[in-house]
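In what follows, every heavy atom counts, from backbone to side chain, and hydrogens, waters and symmetry copies are set aside. Values in this document were obtained by computation on a predicted structure and should not be read as measured data.
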Amino acid sequence: MPPNKFLLYGANGYTGELIARFAHQYGLQPILAGRNQKAIETLAAKLQLPFVVFDLHNKVALRNALQDVPLVVHAAGPYDFTAQPVVEACLDTNTHYIDLNGDMDVFNMLLNYNQQALEKNIMVMPGAGFDVVPTDCLALFLKNRLPDATDLKIAFAILGSALSRGTSITTLLKLGMPGAIRRNGVIVPEPVGKRGLSINFPGYAKPQFMMSIPWGDVSTAYFSTGIPNIETYTGIQKSVWYFLKAQVAFNWLLRTSLVRSIIKKIITSGSPGPNDTVRDKALSLIWAKVSNAKGKSVTATMQCPEAYSLTAYTILLIAQKIIHGHFKAGYQTPASAYGEDLIMEIPGVSRNIEEEKK
């Protein structure tokens with residue numbers, strides 16, 4: 001098999017199709033894979049790419065598909081259900097694993113495979129897209145400038161875009177569940193939106209309001225930096241934040257199958273995700289701050305392409321590195337494997353650091 005090939009499972013999903021479409025820009029040729037035969041065949045014919053159709057629960061078919069490829073890009077969520085069978089098949093076939101996951105619980109679950117991955121000399125890297133490449137790299141960037149940092153706050157805002165159908169459904173499964181932060185090295189639950197803050201980004205006159213959420217960096221930034229106290233935030237309208245702060249009163253309702261089925265019908269009736277025009281105009285803003293026990297702090301911001309486009313680019317950049325033999329065995333985050341400047345290899349990314357404060 002030519003050295004530029006990898007298996008792309010979930011190719012017919014919104015982000016999977018973007019990865020398939022952009023792969024030629026990185027000199028790569030994905031083998032399209034998924035369980036929906038009609039969708040996979042149609043996409044393969046459109047892009048003139050090879051394909052294979054199977055269900056992840058078919059252990060024999062999954063392992064057969066991985067036998068002759070160095071890498072699988074796993075793009076079929078929800079990862080709570082799909083990550084484990086794929087990573088276990090990768091361990092059986094000595095295949096590198098990367099995915100688009102952003103779920104803190106899935107990061108923690110895959111971390112348990114670190115020793116087996118080391119023994120097999122393969123890399124297991126969840127979160128190789130917008131979740132969590134830019135935030136992970138910015139966290140390490142700041143840690144390297146304040147090595148004794150004890151606290152990290154990370155925030156992001158996506159301007160001019162929207163969630164894909166797959167991301168929306170994954171989010172739906174978390175409705176009514178608690179959020180989380182990291183305190184003294186331990187992940188502890190707290191209500192989503194408990195904390196709010198306003199952030200000024202360079203070039204923007206109006207501050208962006210952010211609320212606390214259980215973003216993947218609560219898990220990954222600790223692995224990458226060792227900083228024991230971590231909070232993560234996302235941009236939201238302040239009026240919505242006030243509404244969500246009352247969420248605890250109706251969490252029981254959000255967890256019911258009836259409410260979730262109604263919301264899922266609304267999600268699936270919409271478009272799969274933002275179109276090319278929307279993505280080209282949209283952008284992502286990242287902010288992070290570290291501080292130490294003496295009160296010294298360092299802050300940095302980053303501007304990136306739209307989240308889904310960025311995901312396709314970072315996935316393909318990392319895939320290219322792995323296929324060319326540039327990888328670090330075991331469980332890895334993007335920054336632990338490739339350093340703080342990985343994100344700077346993506347066109348359209350800029351990074352600014354503020355003066356250190358005491």
Do [X] and [Y] have side-chain atoms, one donor and one acceptor, less than 3.5 Å apart?
{"X": "Thr150", "Y": "Asn229", "result": "no"}
{"X": "Glu88", "Y": "Tyr113", "result": "yes"}
{"X": "Glu231", "Y": "Tyr233", "result": "yes"}
{"X": "Ser224", "Y": "Ser336", "result": "no"}

Aromatic ring proximity, centroids under 6.0 angstrom, Tyr308 and Phe130: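 No: the rings miss the under 6.0 Å criterion.
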Test side chain to side chain contact (heavy atoms under 4.5 Å, CB included) applied to Asn200 - qualifying residues, sequence neighbours left out: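 Applying side chain to side chain contact (heavy atoms under 4.5 Å, CB included) to Asn200 gives Pro207.
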Residues forming a side-chain hydrogen bond (donor to acceptor under 3.5 Å, both in side chains) with Trp215, sequence neighbours excluded: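 For Trp215, the residues satisfying side-chain hydrogen bond (donor to acceptor under 3.5 Å, both in side chains) (neighbours in sequence not counted) are Asp217.
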Asn292: partners by side-chain hydrogen bond (donor to acceptor under 3.5 Å, both in side chains), with sequence neighbours left out: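 If we apply the side-chain hydrogen bond (donor to acceptor under 3.5 Å, both in side chains) test to Asn292, skipping adjacent residues, the hits are Asp148.
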Pair listing, ring-ring contact (aromatic ring centres under 6.0 Å, His included) test, anchored in residues 34-55, at least two apart: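 Pairs touching residues 34-55 that pass the test: Tyr9-Phe54.
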Salt bridge flag under 4.0 Å for residues Lys289 and Glu354: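 So Lys289 does not pair with Glu354 through a salt bridge.
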NZ/NE/NH1/NH2 to OD/OE distance under 4.0 Å, Glu190 and Arg183: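 So Glu190 does not pair with Arg183 through a salt bridge.
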Where at least one partner belongs to residues 324-336, residue pairs that pass salt bridge (charged side-chain N to carboxylate O under 4.0 Å, His left out), sequence neighbours excluded: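 Pairs touching residues 324-336 that pass the test: none.
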Residues that, via side-chain heavy atoms closer than 4.5 angstrom, fall in one hydrophobic cluster with Val186: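 Joined to Val186, directly or through intermediates: Ile181, Val188.
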